[in-house]
Amino acid sequence: MTVRVRFAPSPTGFLHVGGVRTALYNWLFARHHGGVTVLRIEDTDTERETEGAIEQIQRSLDWLGLDFDESPRTGGPNGPYLQSERAETYQAAVDTLLEQGLAYRCYQTPEELEAARTAARHTDDPAAPTRLHRDLTSEQISRFEGEGRPAIIRFRTPLEGETVIEDLVRGRVAFEHRLLGDTVLMRGGGAPTYQLANPLDDMAMGITHVIRGEDLLPSTPRQKLLIEALGGTFPTTAHLSMILGPDKKRLSKRHGAASVEEFREQGYLPHALVNFLALLGWSWDGETEIMSIDELIERFSLERVNPAPAVFDHQKLAWMNGAYLRELGADTYAAALEEHLVDADSPLAGNPRLGELVPMVQEKLGAFGEFDALAGSLLIDREPDPVAWEKLKADENAPKVLDAAITMLGAIAQFSPDAIEGSLRSICDLLGLKPKNAFTPIRIAVTGSTVAPGLYESIAFLGRDEALARLQRARAAL
RNA sequence: GGCGCAUUCGUCUAGGGGCCUAGGACGCCGCCCUCUCACGGCGGUAGCACGGGUUCGAAUCCCGUAUGCGCUACCA
């Protein structure tokens with residue numbers, strides 16, 4: 001039997017790191033087993049749907065390199081892949097269940113339900129309120145119908161016994177039927193709920209393994225019961241732990257960047273994000289950290305997924321991204337940097353000399369988003385950093401150092417990094433200053449910052465005219 | 001409140017009874033390299049939640065407690 005997995009997000013916003021991790025594990029598992037990946041959009045709740053979310057999710061998955069064999073975009077033999085277009089499937093199943101007495105119409109108003117729920121809150125049968133209309137007499141039914149009350153459809157959950165889930169990550173988990181209550185399958189308006197649409201589609205699409213977040217573990221027995229009532233076989237499940245913020249709360253926007261889109265904007269490499277996320281809850285040998293996509297595919301297994309929640313560590317991601325950035329070839333690096341600048345709508349984009357800066361910045365950047373601050377001033381003459389500028393003005397050595405630099409740099413024959421180094425070092429000897437002290441004012445004068453690429457290379461990059469102009473301007477401002 | 005899941009350095013993790021005086025990585029600290037920032041090298045810091053069992057022997061198995069998280073929707 002070929003493995004078939006699905007990633008089934010709701011189009012309620014940007015793709016979150018938690019969602020990405022789920023998508024990734026599904027993808028890795030399927031690719032490892034030569035299986036099929038399905039992308040299904042769960043848009044049954046039109047209220048919460050947000051504009052453009054589907055495109056956004058697809059875009060993020062594309063960027064990460066997670067391709068889906070069957071999806072709303074690619075189509076496939078088990079479509080449609082949008083739940084909003086699968087109404088007949090759900091209706092047919094509900095009709096069958098109703099016919100066989102496995103589901104029933106419930107006429108409770110939301111207010112009645114809520115009141116009953118509050119009352120039953122602390123009793124020994126908290127699920128009782130969901131079963132109030134389970135065995136209505138025909139008189140009661142016609143009275144409710146007569147009142148024009150809309151009916152919702154509830155599943156007739158067994159009152160006794162338990163459902164056992166053999167989860168690939170968590171092992172055996174048992175749920176008492178009595179506490180489950182009668183699950184709502186269809187809303188008053190006839191729209192399917194997640195509890196109906198999700199398992200039904202998994203069955204219809206031949207899903208063999210359901211890999212999803214732990215938040216969905218409690219709904220698993222309901223879904224299993226439903227599928228088995230319909231004569232289907234419930235897929236194997238693997239419930240992944242939650243991803244937490246530093247405060248151990250579920251990761252969200254208030255913890256900073258949490259969506260794929262944000263990491264992309266900050267100049268992270270998709271491969272780095274994928275590698276990092278793969279390691280958030282899974283490990284291969286506990287030692288190896290940097291792995292190619294092919295290695296991840298080859299090594300991934302659900303058996304080695306950690307069931308405990310994991311805190312998302314931005315610092316480690318940044319480190320890993322830097323490690324990936326440093327491994328890039330110069331041309332690839334330049335192209336990726338340019339793409340980032342274009343995406344960011346940066347004034348630095350399209351600069352023909354960008355490539356020359358690569359060797360000067362590659363080992364210094366943790367993400368492309370830092371490029372502008374580090375080396376932007378070499379491409380564009382702009383206002384210096386105020387703090388650095390004050391430091392320059394307060395430096396008592398600055399005037400003589402800048403004067404010397406102007407003289408020396410104006411005199412050297414070859415305006416190369418080596419020649420510039422020799423020239424600047426002779427200033428140190430001349431003035432009896434340590435390189436560290438002599439170079440700081442020059443760096444600020446030339447780059448407008450205390451942090452920049454190598455000084456000799458920076459000056460050489462600017463060229464004699466520009467470098468001298470900046471030095472003279474700084475000198476004049478002292 | 002009920003149900004469920006989880007619990008190894010600050011963080012991600014290795015560990016599935018003796019190989020553990022608990023390994024790796026990020027972070028942090030120190031030293032080296034050094035024109036700033038980085039990179040790189042070397043060294044260091046720090047952990048089995050607690051309490052009971054089981055066993056010759058427990059980070060590893062069982063029970064309880066605590067804590068955290070999830071679910072408890074006509075959200076997913």
Side-chain angles (χ1 to χ4, degrees), chain A residues 8-10 12 42-45 47-48 106 108-110 113-114 117 120-127 150-154 165 167 169-171 173-176 178-181 184-195 197-198 212-221 239 241-242 244 246 248-250 276 279-290 304 306-320 322-323 326 361-366 370 374 388 421 424-425 428 434-440 442-444 447 449-456 458:
Chain A
S10 300
T12 53
E42 309 226 322
D43 54 349
T44 54
D45 183 12
E47 299 280 307
R48 300 205 317 155
C106 169
Q108 292 172 108
T109 63
L113 214 206
E114 187 51 44
R117 225 195 286 279
R121 186 87 180 164
H122 304 302
T123 68
D124 64 349
D125 189 8
I152 61 174
I153 309 299
R154 283 188 188 274
I165 305 298
D167 192 85
V169 172
R170 268 146 236 287
V173 187
F175 297 88
E176 270 189 83
R178 201 176 61 83
L179 298 168
L180 253 28
V184 177
L185 302 179
M186 228 172 223
R187 302 182 240 247
T193 63
Y194 163 77
Q195 303 295 0
N198 179 280
R212 68 201 337 182
E214 188 191 0
D215 50 335
L216 267 10
L217 184 58
S219 65
T220 308
H239 284 88
S241 67
M242 300 282 91
L244 279 22
K248 308 271 187 177
K249 300 290 182 196
R250 203 165 160 169
F276 176 76
L279 255 20
L280 205 59
W282 171 84
S283 68
W284 180 52
D285 60 359
E287 309 257 315
T288 313
E289 307 237 277
I290 304 289
R304 290 191 61 82
N306 189 333
V311 173
F312 187 85
D313 185 356
H314 273 91
Q315 280 189 305
K316 184 151 185 176
L317 204 213
W319 162 77
M320 189 171 278
R326 273 170 243 123
V361 302
Q362 186 160 11
E363 68 180 16
K364 298 175 189 291
L365 295 184
E370 300 161 8
L374 181 71
E421 175 172 6
L424 294 187
R425 286 200 180 279
C428 299
K434 288 184 176 175
K436 182 181 174 134
N437 297 323
F439 292 178
T440 299
I442 300 176
R443 173 173 294 104
I444 298 172
T447 69
S449 169
T450 53
V451 178
L455 188 54
Y456 324 132
S458 294

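Numbers restart at 1 for each chain; the letters A, B, ... are given by sequence-line order, proteins then strands.
Using a 4.0 Å heavy-atom cutoff across all strands shown, A:Glu176 reaches no nucleic acid atom at all. Within the nucleic acid shown, A:Arg212 has no heavy atom closer than 4.0 Å to any nucleic acid atom. Across all strands, A:Thr44 comes closer than 4.0 Å only to sugar-phosphate atoms, never to a base (heavy-atom distances). Residue A:Gly181 is classed as having no contact, given no heavy-atom separation below 4.0 Å to the nucleic acid. Across all strands, A:Glu289 comes closer than 4.0 Å to base atoms (heavy-atom distances). Here A:Pro110 lies in heavy-atom contact (under 4.0 Å) with a base. Nucleic acid contact class of A:Tyr456 (heavy atoms, under 4.0 Å, all strands): base. Heavy atoms of A:Leu113 sit under 4.0 angstrom from primed sugar atoms or phosphate atoms, though from no base atom. Using a 4.0 Å heavy-atom criterion, one finds that A:Arg48 contacts the bases of the nucleic acid, with or without backbone contacts as well. Using a 4.0 Å heavy-atom cutoff across all strands shown, A:Ala452 reaches at least one base atom of the nucleic acid. In this structure, A:Leu280 reaches the sugar-phosphate backbone alone: every heavy-atom distance under 4.0 Å involves primed, P, OP1 or OP2 atoms, never a base. Among the heavy atoms of the strands lying under 4.0 Å from A:Pro453 is at least one base atom, whether or not backbone atoms are also near. Within 4.0 Å (heavy atoms only), A:Ile152 reaches at least one base atom of the nucleic acid. Across all strands shown, A:Asp124 has no heavy atoms under 4.0 Å from either base or sugar-phosphate atoms.
Nearest heavy-atom pair, A:Pro453 versus A:Leu374, reported as atom, atom and distance to 0.1 Å: CD-O, 3.4 Å. For the residue pair A:Leu180 and A:Phe175, the shortest heavy atom distance occurs at CD1-CB, 4.3 Å. Between A:Leu279 and A:Ser283, the shortest heavy-atom distance links the atoms CD1-CA, 4.4 Å.
For A:Lys248 against B:C69, a side-chain-to-base donor-acceptor contact under 3.5 Å is absent.
When the P atom is compared between B:C31 and B:A49, the two are found 35 Å apart, to the nearest whole Å. Taking atom P in both B:G23 and B:G64, one finds a spacing of 32 Å when rounded to whole Å. A gap of 15 Å separates the C1' atoms of B:G16 and B:C62, to the nearest Å. Of the P atoms belonging to B:C20 and B:U11, the separation is 25 Å, rounded to the nearest Å. Taking atom C1' on both B:A14 and B:C56, the two are 27 Å apart, rounded to the nearest angstrom. The same atom, C1', is picked in B:A46 and in B:C26; the two are 14 Å apart, to the nearest Å. Using atom C1' as the reference point in both B:A22 and B:A58, the two lie 13 Å apart (nearest Å). B:U7 and B:U55 have their P atoms separated by 26 Å, given to the nearest Å.
The partner of B:C31, taking Watson-Crick or G-U wobble pairs whose two distances both stay under 3.5 Å, is B:G41. Pair assignment for B:G1 gives B:U72, based on Watson-Crick or G-U wobble hydrogen-bonding distances that are each under 3.5 Å. When Watson-Crick and G-U wobble pairs are counted only if both distances are under 3.5 Å, B:A58 pairs with no nucleotide at all. Under the Watson-Crick or G-U wobble criterion, with both distances below 3.5 Å, B:C26 is paired with B:G10. For B:A46, there is no paired nucleotide, since no Watson-Crick or G-U wobble pair has both relevant distances below 3.5 Å.
Distances shown here put a side-chain N or O of A:Ser283 below 4.0 Å from the OP1 or OP2 atom of B:A14. Between A:Asn306 and B:A6 there is no side-chain N or O to OP1 or OP2 distance below 4.0 Å. Contact between the side-chain N/O atoms of A:Arg117 and the OP1/OP2 oxygens of B:G1 is not found at any separation under 4.0 Å.
Listed nucleotides B:C26, B:G1, B:G4 differ in distance to A:His122; the shortest reach to its side chain belongs to B:G1. Ranking B:A6, B:A76, B:C3 by closeness to the A:Ala308 side chain, first place goes to B:A6. The side chain of A:Gln315 approaches B:C28 more closely than any other nucleotide in the set B:G70, B:C28, B:C35. Comparing B:G2, B:A14, B:C35 by their closest approach to the side chain of A:Leu179 singles out B:G2.
One interatomic measurement links the two molecules: CH2 of A:Trp319 to C1' of B:U11, which rounds to 13 Å at whole-angstrom precision. The separation between A:Arg326 atom CZ and B:C39 atom P is 6 Å, rounded to whole Å. For A:Arg178 and B:C3, the CZ to P distance is 9 Å, given to the nearest whole Å. Here the P atom of nucleotide B:A38 and the CZ atom of A:Arg443 are 12 Å apart, to the nearest Å. Here the P atom of nucleotide B:C74 and the CG atom of A:Leu185 are 11 Å apart, to the nearest Å.
A:Thr220 and A:Arg212 are linked by a side-chain donor-acceptor pair at a separation below 3.5 angstrom, with hydrogens and angles left out of the test.
A donor-acceptor pair under 3.5 Å is absent between the side-chain atoms of A:Arg304 and the main chain of A:Trp282, judged by distance alone. Counting only distance, with no hydrogens or angles, the side chain of A:Thr193 and the backbone of A:Leu185 share a donor-acceptor pair below 3.5 Å.
For the pair A:Leu244/A:Lys249, no side-chain contact is recorded, criterion being any heavy-atom separation below 4.5 Å from C-beta on. When side chains are defined from C-beta on, A:Trp319 does not count as touching A:Phe276, because their heavy atoms never get closer than 4.5 Å.
At a threshold of 4.0 Å, the pair A:Glu214-A:Arg170 counts as salt-bridged, since one of the basic side-chain nitrogens sits closer than that to a carboxylate oxygen.
Residue whose closest nucleotide on RNA chain B sits further toward the 5' end, between A:Thr440 and A:Pro307: A:Pro307. Heavy-atom nearest nucleotides on RNA chain B were determined for A:Leu279 and for A:Gln195, and the one closer to the 5' end corresponds to A:Leu279.
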